[in-house]
A.B. asks: 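Below are the structure tokens for one structure; questions will follow.
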Amino acid sequence: DTGRDIAPAADSVANLREAILRRLTYSVGKNQASASEYDWYLAVVYATRDRIVEGWMASTNAAYVHGPKRVYYLSLEFLIGRLLGDALNNLGLTETMRAATRELGVDLERLRTLEPDAALGNGGLGRLAACFMESMATLSIAAHGYGIRYDHGLFRQVLKDGWQQEYPEDWLALGNPWEFKRPEVCYRIGFGGAVEALTSPDGATRYAWKPAEYVEAIAYDTPVVGWRGAHVNTLRLWSARACDPLQLDVFNAGDYVGAVADKMRAEAISKVLYPSDETPAGQELRLRQEYFFASASLQDALRRHLKQYQEVRSLAEHVAIQLNDTHPAISVAELMRLLVDVHGIAWEEAWKITQGTISYTNHTLLPEALESWPVPLLERMLPRQMQIIYLINALHLDSVRKSGHTDARLIAAVSMIDEHAGRRVRMGHLAFIGSHKVNGVSALHSKLLKQTVFRDLGTLYPDRIVNKTNGITFRRWLFEANPGLTRLLADTAGEGIYDDPMALRKIAPYASDAAFVGEFAAVKRQNKVALAKIILDRCHVKVDPDVLFDVQIKRVHEYKRQLLNILETVALYDAIRAQPYLDWVPRVKIFAGKAAASYHHAKLIIKLANDVANVINNDPTVRGMLKVAYLPNYNVSLAESIIPASDLSEQISTAGMEASGTGNMKLALNGALTIGTLDGANVEIKQHVGDENIFIFGMTAEQVAQRRGRGIDMRETIARSPALREVLDAIGSGVFSPDDPGRYAGLVDILTHHDHFLVCEDFDAYYACQREVAAKWLDRAAWWKASILNTAGMGWFSSDRTIAEYADEIWKTQAQKKE
Ligand SMILES: CCc1ccc([C@H](C)CC(=O)N[C@@H]2O[C@H](CO)[C@@H](O)[C@H](O)[C@H]2O)cc1
């Protein structure tokens, strides 16, 4: 690690060693002689946790004493990764713990690898939620994260002959020492049934929902430690349990399976994370998950508010609820139900409280990713909530008409009910109308939200849509993932970088300082040597740490255009073979990323990358000038090894389709130069690192819209590019799939005639841009200067800045005072 603790805690090595031994004995029940590595891991986690709990209780109590406005972050995904390194680092205990374990004959680095990743998310949205939780704790915001404690997170990816295979992920197999089960925190969640209308003596009609079935939501709490252990917040994850674990009468009747049917049905809710990223599964169980966690979280938030303020009317003053995309959007209807039906608040006032409390973040413009649920399904599963949605929508459309908008197209466009394909509830519209603020996740994305998905609603409510450009926590993605670079930055720019990310600016003057450049390059090379070992172990591909590490790591999706990268790789391969005498810049193309299990075209793209790798890596004529490696099972921990070792960051999505990206920020912060389109946060990265320190190519979002307007048949475009023609012919004819020559015929056909993601249209520009990259790489001083200026310019992309903006403009809260 950085070799020294940043603000070391009071604990001495001796203290920690004793604490570990005590935990090994009394919690793990083992003595040193018989302890397994995993036993030591548990003892170290418990000893670390012991140093969190007091702070946790202090932060929790302080929130009751000082009554700061609370933030509830509702997300169906938290892509946490491992926690030991993060907790030790944030407590300033890493080196002390390393010394203590060393004295006990145990290697801390080894123990860290025994922790399974908490992979409770698919990609960007889930990881952002995890970075936000750490930043809210660091900024001492009284925040809770609410989500689902999936028994099985995102599947484990195995590449069999280059094909993705999915295996269940089992992070809880050996238990989870970081969580605290809270059996006393249990809420009954209803499903189905009917709604009774009751007329009260004052003639008012009240509604009572009589669910047909109940499931219990049990809380599991995980502490979230902020930087320097300043504050500790709670991530509360719900697990589903049947009210009756066993129907004895059914069992006694001999129907053993039937006897546990309810149990299985209930527990299915928190069984597994839906592995779909950007494409709704649309399955009933998914809606049950969304309602289950939304209702449990709202009931828990109201219970805490009532405990503190004894009434619910002041909720909006004391609580801010953030919806992480539409997945928790049913919360708008559920909060209204709880306020009106359970707490007897009048509809109008309840609506004010709801809108005043809730805000919603949109993370995607992809039409297929915008959730909508069939009205009949909602009527059957959530009859009272559907009634409430109908009424919210009716009052909403009334106010639209009253404000003079009577045009039927507009009314239909802003209605929550989509009448087109069988009546469906637009969850984005429900979230928008039920919120006081709606935000996009990059400046371009928020602008496009106003022009596309929410154009009509945005005109009705002009100040509702705001921008909050994403960020990343520098603790995990710099201090922990790249301690060598962190030490160099602190030695050069001062320890201030640890608390003020903008202080990174101070290294800019060293961008051409030979000594600093030397050390900067040495750190990068050290990280590349480590990654080269991982690539050899997992891909059996030998790579030279001195070649250009060209990295594309993210979920596999057509709009992220891994295909464009593969086509350029084949074109470079063709060129190297055609002109071996030229001064080619040796590089390795590193890919990693999972495809949604049901997304077959994305899985074919993974196969193509591996087929191309096989041919290129085994072609002697390439003489090591080009290598390709597809690392399996991309997750948070693997990202922490790849990112510090990257030279070139591929951010090449079709402009207008990547809402923000956060991998782009992590890579640039660690000194990788970006090659990308003017999409998502790439636009703002360019503004902060300087135009000459980033490689931009391709169509802008406007040009993409225009080009699509002229059709997506690419025959003309391909005819204009001999290199592209050659590449498509090679792939289409089976050059990379001799075992199945027709494997990619369909893929090439789509690129030729239905190129919605404009891979062909951006090919030549991308190829030319990659040659510019190669030219700059050869000018080592110029490359390192640009690399250093990337790290120097990334301070603004700290999630501390993002969260401070949410707190100021959306949540209207600030850091809570100490106990
Ligand atoms: C219902 C299926 C589903 C599941 C997840 C999603 C997420 C919104 C997908 C996602 O992760 N979006 C990514 O969010 C990041 C954090 O804001 C952005 O940086 C990425 O650009 C965006 O693709 C959509 C639809």
Side-chain angles (χ1 to χ4, degrees), residues 73-79 119-132 147-148 150 154 273-287 289-290 322-330 360-373 426-428 431 438-446 448-449 453 467-473 477 553-561 593-599 602 636 639 651-667 676-677 679-685 701 797 799 802-803 806:
Y73 199 82
L74 270 59
S75 180
L76 216 45
E77 303 185 19
F78 288 95
L79 195 40
L120 308 180
N122 278 285
L125 171 141
R127 181 56 234 178
L128 186 84
C131 283
F132 277 11
I148 291 184
Y150 302 104
L154 187 60
L273 165 78
Y274 268 90
S276 55
D277 193 37
E278 313 274 2
T279 34
Q283 288 164 14
E284 180 165 337
L285 180 58
R286 170 75 176 194
L287 180 57
Q289 288 186 334
E290 295 186 356
Q322 191 69 32
L323 306 180
N324 200 18
D325 215 276
T326 58
H327 313 154
I330 194 71
Y360 149 57
T361 301
N362 172 284
H363 296 267
T364 181
L365 296 171
L366 299 186
E368 71 268 24
L370 301 173
E371 290 187 299
S372 67
W373 292 103
R426 296 166 167 147
M427 300 311 273
V438 170
N439 75 282
V441 290
S442 76
L444 175 62
H445 173 60
S446 299
L448 293 172
L449 267 183
V453 177
N467 177 50
K468 292 284 164 278
T469 297
N470 282 164
I472 57 170
T473 169
W477 297 108
I553 48 177
K554 53 188 72 226
R555 287 294 295 250
V556 177
H557 201 288
E558 287 163 277
Y559 86 82
K560 294 174 185 285
R561 299 204 293 190
K594 295 172 179 176
S598 56
Y599 191 175
V636 171
Q651 309 298 334
I652 60 176
S653 52
T654 311
M657 303 191 81
E658 186 70 86
S660 163
T662 45
N664 46 6
M665 299 166 185
K666 296 160 188 167
L667 286 154
T677 51
D679 196 16
N682 296 354
V683 175
E684 290 153 276
I685 290 175
F797 294 92
S799 45
T802 312
I803 289 296
Y806 274 88

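All ligand and atom numbering here is 1-based and tracks the order in the structure. The shown structure was predicted, so the numbers you read here are calculated from the model rather than taken from an experiment. Values below: every heavy atom of this structure, side chains too, minus hydrogens, waters and symmetry copies.
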A.B. asks: Is it true that Phe132 lies under 4.0 Å from ligand 1, counting heavy atoms only?
C.D. replies: no
A.B. asks: Under a heavy-atom criterion of less than 4.0 Å, does Arg127 contact ligand 1?
C.D. replies: no
A.B. asks: Looking at Glu371 and Arg426, does any basic side-chain N land under 4.0 Å from a carboxylate oxygen?
C.D. replies: no
A.B. asks: Would you check, one step at a time, whether the test side chain to side chain contact (heavy atoms under 4.5 Å, CB included) holds for Arg127 with Lys666?
C.D. replies: CA-CA 12 Å; Arg127 181 56 234 178; Lys666 296 160 188 167; 3.4 Å; yes
A.B. asks: Using a 4.0 Å heavy-atom threshold (strictly under), name the region of Arg286 that reaches ligand 1: side chain, backbone, both or neither.
C.D. replies: side chain
A.B. asks: Decide whether the shortest distance between a heavy atom of Asn470 and an atom of ligand 1 is less than 4.0 Å.
C.D. replies: yes
A.B. asks: Identify, by atom number and element, the atoms of ligand 1 in contact range of Asp325, meaning under 4.0 Å from any of its heavy atoms.
C.D. replies: 8 (C)
A.B. asks: Below 4.5 Å, heavy atoms only, C-beta onward: do Leu370 and Thr326 meet side chain to side chain?
C.D. replies: no
A.B. asks: Without hydrogens or angle criteria, can the side chains of Glu77 and Asn122 be said to hold a donor-acceptor pair below 3.5 Å?
C.D. replies: yes
A.B. asks: Judged by non-hydrogen atoms, does Arg555 sit under 4.0 Å from ligand 1?
C.D. replies: no
A.B. asks: Does any N or O atom in Glu77 lie less than 3.5 angstrom from one in ligand 1, N or O only?
C.D. replies: no
A.B. asks: Would you check the N or O atoms of Ser276, main chain and side chain alike, for any that come under 3.5 Å of an N or O of ligand 1?
C.D. replies: no
A.B. asks: Counting heavy atoms only, which of Gly124, Gly661, Gly680 is nearest atom 19 (O) of ligand 1?
C.D. replies: Gly661
A.B. asks: Please determine if Ala369 has a nitrogen or oxygen closer than 3.5 Å to a nitrogen or oxygen of ligand 1.
C.D. replies: no
A.B. asks: With side chain to side chain donor-acceptor pair (under 3.5 Å) as the test, pick out the partner of Ser653 among Asn664, Asp679, Asn682.
C.D. replies: Asp679
